[in-house]
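For the numbers below, each heavy atom of this structure counts, side chains included, while hydrogens, waters and symmetry mates do not. Sequence lines set the chain letters: A, B, ... in the order given, protein chains first and strands last, and positions in each chain run from 1.
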Amino acid sequence: MAQELVLTLPDGAERRVPAGTTSRAVAEAIGPRLSKAALAARLSGAIVDLDRPLTAAGPFELLTEKDPDALAVLRHSCAHVLATAVRRLFPEAGIGFGPAIEEGFYYDFDVPRPFTPEDLERIEAEMRDVVRADESFVREEVEREEAARRFAGDPLKLERLAEIRDDEVISIYSDGRFSDLCRGPHVPSTGRIRHFKLLHAAGAYWRGDERRQVLQRIYGTAWFSQEDMDRYLRRLEEAKRRDHRILGRQLDLYSIQEDVGPGLILWHPKGAMLQFQLRRFIEDLVLERGYELVSTPHLTREQLFVRSGHLPLYAANQFPAIAAGEGEGEEVRYRVKPMNCPMHVLIYAAQQRSYRDLPLRLAEIANVYRNERSGALHGMLRVRGLTMDDAHIFLRPDQIEQEIYELLDLTDFVLRRTFGVEYRLDLATRPPQKLGGDEAWDAAEQALTAALERRGINYRLDQGGGAFYGPKIDVKFNDAIGREWQGTTIQLDFQLPERFELEYTGADNRPHRPVMIHRAIFGTLERFIGFLIEHFAGAFPLWLSPEQVRVLPISDTQLEAGRALHARLRAAGIRAHLDARNETLNYKVRDGELMKVPYLAVIGAREAEAGTVAVRVRGADVKQAVMTQDAFLDRLASDVRARARVP
RNA sequence: GCUGACGUAGCUCAACUGGUAGAGCGGCUGAUUUGUAAUCAGCAGGUUAAGGGUUCGAGUCCCUUCGUCAGCUCCA
């Protein structure tokens, strides 16, 4: 006697079906068009296969291509098709995991030899075959023993199987002869996957653990329409043109040279100008906001990092010690600093502090060096020589919330209001291994949360993602090829004040321990500038542009007039260059545009005569506007002053 | 650090299965005097990342080191 289920459709209508009815049957009952378009169903928020018998009532919805979640289902199914094809061509291949990811999917295989590009072509062709065969994805629920028997030849799957709890369902999905231990859901059959492409293969540790074996991971992408896929592939191409490593060379901003070493940036004049402008900007800003600037050495006795607790934990990321003789033949070991905090702590400790002095905000734009693993280095985004816009704030516990609130405002001013960057915040809370009592952590996490709430901004909770010494708020951004990097960071620290026994005298005339905040708004100038290059695609706003105006005399006859304008611009503090080369105007305009100079100031016979200038605005539709030189200078000056995001 | 691919002129790229290292752009010189995305010509520029090996002969095949790229791991 089948029990009846009540399904609530998206339009509010209710539909009564006997328990055990499939979503496909419901779709067919609603209409033939829907049943053809349906890929899966969503019951009470969970996505289920179309052919899965329904056993519970609740809000019910059929997933078609229009549903954003459908794409993930499609991609996961495509990963199975990939595995199916690999197994046909390489029957001995062990299978790992094959999930859908942001814009595609991957599958990990245990094979004796890595896949070559030719292999990928063969595999893709084989996948088309699987798709053509239109095999149904069949779901089975099995007992543990049965699953163990079915995957006896697949040690990786057995390892996963062992982790499935007894109260969980063990399901197997098969398409044709290929079966996978998988939770699902899937599209009804392989024929539903039409537009896909394998992108590349790379090694990946089994379960992300570098002590385990390396599997061969194949990445691919899948879409509902050819147009969507073409758009995606075009976007990948587009992104390459924004890549800071390519623009950095084209615009002559920086280089990294083997003679100096990996991860060490040589800032060319134009890149250095970007850095200089950002430094000036942030230093002025923090001085307005109650910070004081300090400056500390690149080297310190190793002992300092022992006391701070960094050395035992952080040694792998520090460059080896430098030995230096001192006094009676004693050897003293020095370290290049990977961070500034211990030195700023010593500045705090150099005198007695009163509760009235707090918060004490010490800021320093400092070069630090970290021995990052070679494989992690990436242009300006991950380097070994870093320029941090660092600050350490010493404060009373009751001041945390207000200070964090102000820091969030500073962050917003810099990222959004100045650079037009829309960002996302992560609140990272206590990790399993931590220092300090739960009471302090509770208070700190509450203070951070309260500050975030008070600003009314969205944030993502990164449970357990905090540092061992305190919770933190981070800003993450994506680079041109979609990878995520950390920029701004605001970290609470209870640990360092303990280790250095920092104190301040309270209103009660008794010693108290301050709390510390580590914070970097840009993060590092290397990473931030790398990010800005990609954000602006090299077309920096006027105030930041290394070259703001290029003066182009049309012919030698106007050279003197050009020189005069150039001199006026320079006298007005504008970074201007004169293109006196013996070339056509077309050539010089093209070069100026390619170098992404905000304004090209053309001086021909007419302008020289009238004392005007023909201004070409970078990238604008309106190619030129003739104006007086005074008007041009005024406009430049006010846009620079306002740090306007022009042109 | 690990897995794989790659490394030819300042840049982008050629050089069939081992057989004389080339082109375009850029640079320099000259001619041209240019009105909004490349004027023309000539010249210079390479120990093919470095080192070793195989071979009559290596950019090409093998080994080592360095570096780059993608992914993994880790982080500003």
**Report entry** Residues in side chain to side chain donor-acceptor pair (under 3.5 Å) contact with A/E609, at least two apart in sequence or another chain
**Finding:**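 Listed in chain order: nothing, the list is empty.
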Query raised in the report: B/A76, B/C72, B/U33: which one has an atom nearest the side-chain heavy atoms of A/Y219?
Result: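 Looking only at side-chain atoms, A/Y219 lies closest to B/C72.
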Query raised in the report: The side chain of A/Q216 lies closest to which of these nucleotides: B/A38, B/G71, B/U3?
Result: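 My answer, after comparing the listed nucleotides, is B/U3.
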**Report entry** Check: A/R75 side chain, A/T221 main-chain N or O, donor-acceptor pair, under 3.5 Å
**Finding:**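 Not confirmed, A/R75 side chain does not pair with A/T221 backbone.
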Any base atoms under 4.0 Å from [X], or only sugar-phosphate, or nothing? Heavy atoms, all strands.
X      : result
A/A614 : base
A/V383 : base
A/V214 : sugar-phosphate
A/L594 : base
A/Q213 : nothing
A/G592 : nothing

Query raised in the report: Taking A/F419 as the fixed residue, which of A/F531, A/F528, A/F540 is the one that meets the ring-ring contact (aromatic ring centres under 6.0 Å, His included) rule?
Result: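 That would be A/F528.
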How far does the [atom1] atom of [N] sit from the matching atom of [M], given to the nearest Å?
N     : M     : atom1 : answer
B/A41 : B/A37 : C1'   : 23 Å
B/A14 : B/G24 : C1'   : 11 Å
B/G27 : B/G45 : C1'   : 9 Å

Rounded to whole Å, how long is the line connecting atom [atom1] of [X] with atom [atom2] of [N]?
X      : N     : atom1 : atom2 : value
A/R370 : B/U73 : CZ    : P     : 20 Å
A/R384 : B/C74 : CZ    : C1'   : 13 Å
A/R212 : B/G1  : CZ    : P     : 23 Å
A/E372 : B/U73 : CD    : P     : 16 Å
A/K588 : B/A37 : NZ    : P     : 15 Å
A/L120 : B/A5  : CG    : P     : 12 Å
A/R217 : B/U3  : CZ    : P     : 16 Å
A/F97  : B/G71 : CZ    : C1'   : 18 Å

Query raised in the report: Taking RNA chain B as the partner, which of residues 271-278 of chain A come within under 4.0 angstrom of it by heavy atom?
Result: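 By residue number: none to list.
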Query - Within residues 515-532 of chain A: residues closer than 4.0 Å to RNA chain B (heavy atoms) - result: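 Within residues 515-532 of chain A, the residues near RNA chain B are A/G523, A/T524, A/R527.
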Query raised in the report: For A/Y254 and A/H268, what are the C-alpha separation, side-chain angles and deciding distance, and is it a ring pair (Phe, Tyr, Trp, His ring centres under 6.0 Å)?
Result: CA-CA 5 Å; A/Y254 77 101; A/H268 296 12; 7.5 Å; no
Requested in this report: Would you kindly compare A/Y314 and A/H200 by the position of their nearest RNA chain B nucleotide and give the one closer to the 5′ end?
Outcome: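 So the residue in question is A/H200.
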Report task. Step through the shown structure and confirm whether more than 12 heavy atoms of other residues, nucleotides or ligands are within 6.0 Å of CZ on A/R483. Result ->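 Yes.
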Could you go over nucleotides 47-51 of chain B and give all protein N or O partners under 3.5 Å, atom names and distances?
none

Distance check: side-chain N/O of [X] vs OP1/OP2 of [N], anything under 4.0 Å?
X      : N     : answer
A/Q558 : B/U34 : no
A/Q486 : B/A76 : yes
A/R245 : B/A70 : yes
A/R207 : B/C72 : no

Requested in this report: May I ask you to verify whether the side chain of A/R373 and the base of B/C74 hold a donor-acceptor pair under 3.5 Å?
Outcome: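 Not at all, since no donor on one side and acceptor on the other fall under 3.5 Å apart.
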Query raised in the report: For the base of B/G1, is there a side-chain donor-acceptor partner from A/Y205 under 3.5 Å away?
Result: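 It does, because a donor-acceptor pair links the side chain of A/Y205 to the base of B/G1 below 3.5 Å.
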Requested in this report: Go through the structure and list residues passing side chain to side chain contact (heavy atoms under 4.5 Å, CB included) with A/A608, not counting sequence neighbours.
Outcome: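 Side chain to side chain contact (heavy atoms under 4.5 Å, CB included) list for A/A608, sorted by chain: A/Q558, A/A561, A/I603.
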Requested in this report: For A/A125, check side chain to side chain contact (heavy atoms under 4.5 Å, CB included) against everything at least two apart and list the hits.
Outcome: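 With neighbours one apart ignored, the set is empty.
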Pick out the pairs of N or O atoms, protein on one side and nucleotides 8-14 of chain B on the other, that lie under 3.5 Å.
residue	atom	partner	partner atom	Å
B/U12	OP1	A/R249	NH1	2.9

Extract all donor-acceptor atom pairs below 3.5 Å that involve side chains of residues 101-109 of chain A and protein atoms in other chains or at least two apart in sequence.
residue	atom	partner	partner atom	Å
A/E103	OE2	A/R235	NH1	3.3
A/E103	OE2	A/R235	NH2	2.8
A/Y107	OH	A/D180	OD1	3.4
A/Y107	OH	A/D180	OD2	2.3
A/D108	OD1	A/R217	NE	2.7
A/D108	OD2	A/R217	NH2	3.1

**Report entry** Those residues that, when tested against A/E283, pass salt bridge (charged side-chain N to carboxylate O under 4.0 Å, His left out) (two or more places apart)
**Finding:**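 Applying salt bridge (charged side-chain N to carboxylate O under 4.0 Å, His left out) to A/E283 gives none.
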Query - A/Y469 and A/H518 aromatic centres sub-6.0 Å - result: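 Yes, the ring centres sit under 6.0 Å apart.
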Please write out each protein N/O paired with an N/O of nucleotides 39-44 of chain B under 3.5 Å, distance rounded to 0.1 Å.
residue	atom	partner	partner atom	Å
B/U39	OP1	A/T584	OG1	3.4
B/U39	OP2	A/T584	OG1	3.0

Report summary line: Base-pair string, RNA chain B, Watson-Crick plus G-U, cut-off 3.5 Å on both distances, | for inter-strand, is (((((((..((((.....[..)))).(((((.......))))).....(((((..]....))))))))))))....
Query - ring pair (Phe, Tyr, Trp, His ring centres under 6.0 Å) involving A/F394 - partner list, sequence neighbours excluded - result: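 If we apply the ring pair (Phe, Tyr, Trp, His ring centres under 6.0 Å) test to A/F394, skipping adjacent residues, the hits are A/Y348.
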